[in-house]
Amino acid sequence: MQSTRLQRDLPLDAIYACFHDDADDCACRKPKPGLLVNAAADLGIDLASSFMVGDRWRDTDAGLAAGCRAIFIDRDITSANPNVLR
């Protein structure tokens with residue numbers, strides 16, 4: 001029942017996921033933009049007109065690398081960002 005309601009209230013065109021680890025050095029693992037670029041090509045999405053919203057630095061870095069505008073939602077999650085000096 002929850003699935004039916006979710007499909008009605010929040011229809012999705014596709015779900016993309018990367019099951020690799022950092023050591024695999026694939027193009028689809030965030031912060032690399034591979035999944036976003038693939039989704040854009042498959043679904044006809046203009047990345048320059050899109051937003052990437054995330055709660056980790058990898059999300060926003062992937063969005064920026066793909067050419068999106070990025071929005072960071074701070075949920076106070078501790079993960080080291082190599083691009084930020086503390």
Side-chain angles (χ1 to χ4, degrees):
M1 180 168 174
Q2 183 68 20
S3 175
T4 303
R5 181 175 178 207
L6 183 61
Q7 290 174 349
R8 182 191 73 232
D9 294 344
L10 183 65
L12 301 175
D13 294 320
I15 296 174
Y16 290 76
C18 172
F19 299 102
H20 299 109
D21 195 308
D22 286 340
D24 295 326
D25 196 34
C26 68
C28 58
R29 182 150 176 94
K30 296 179 288 187
K32 293 182 181 173
L35 282 180
L36 297 173
V37 172
N38 290 344
D42 293 347
L43 301 170
I45 296 170
D46 177 11
L47 290 172
S49 298
S50 300
F51 292 85
M52 176 64 171
V53 179
D55 61 357
R56 291 183 169 76
W57 69 267
R58 289 175 176 268
D59 302 328
T60 54
D61 280 9
L64 293 172
C68 300
R69 284 172 267 176
I71 299 172
F72 177 70
I73 305 295
D74 188 358
R75 294 183 9 170
D76 201 27
I77 298 172
T78 304
S79 64
N81 180 344
N83 300 317
V84 175
L85 299 175
R86 295 191 187 266

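Quantities reported herein were computed from a predicted structural model and do not represent experimental measurements.
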Presence of salt bridge, Arg29 and Asp21, under 4.0 angstrom: no
Ile15-Ile45 co-clustered via ILVMFWY side chain contacts under 4.5 Å: no
NZ/NE/NH1/NH2 to OD/OE distance under 4.0 Å, Asp59 and Lys30: yes
Arg8, CZ atom: more than 12 neighbouring heavy atoms under 6.0 Å: yes
Interatomic distance, Thr60 atom OG1 to Asp55 atom CG [nearest 0.5 angstrom]: 9.5 Å
same_hphob_cluster(Phe19, Tyr16) at 4.5 Å side-chain heavy-atom cutoff: no
Note, Cys28 side chain near His20 side chain (heavy atom, < 4.5 Å): yes
Closest contact, heavy atoms only, Leu35 versus Ala17: CD1-C, 3.8 Å
Contact summary for Pro31 and Arg58, nearest pair of heavy atoms: CD-NH1, 3.3 Å
Hydrophobic cluster membership, Met52 vs Phe72, 4.5 Å side-chain cutoff: no
Same apolar cluster (I L V M F W Y, side chains within < 4.5 Å links), Leu47/Phe51: no
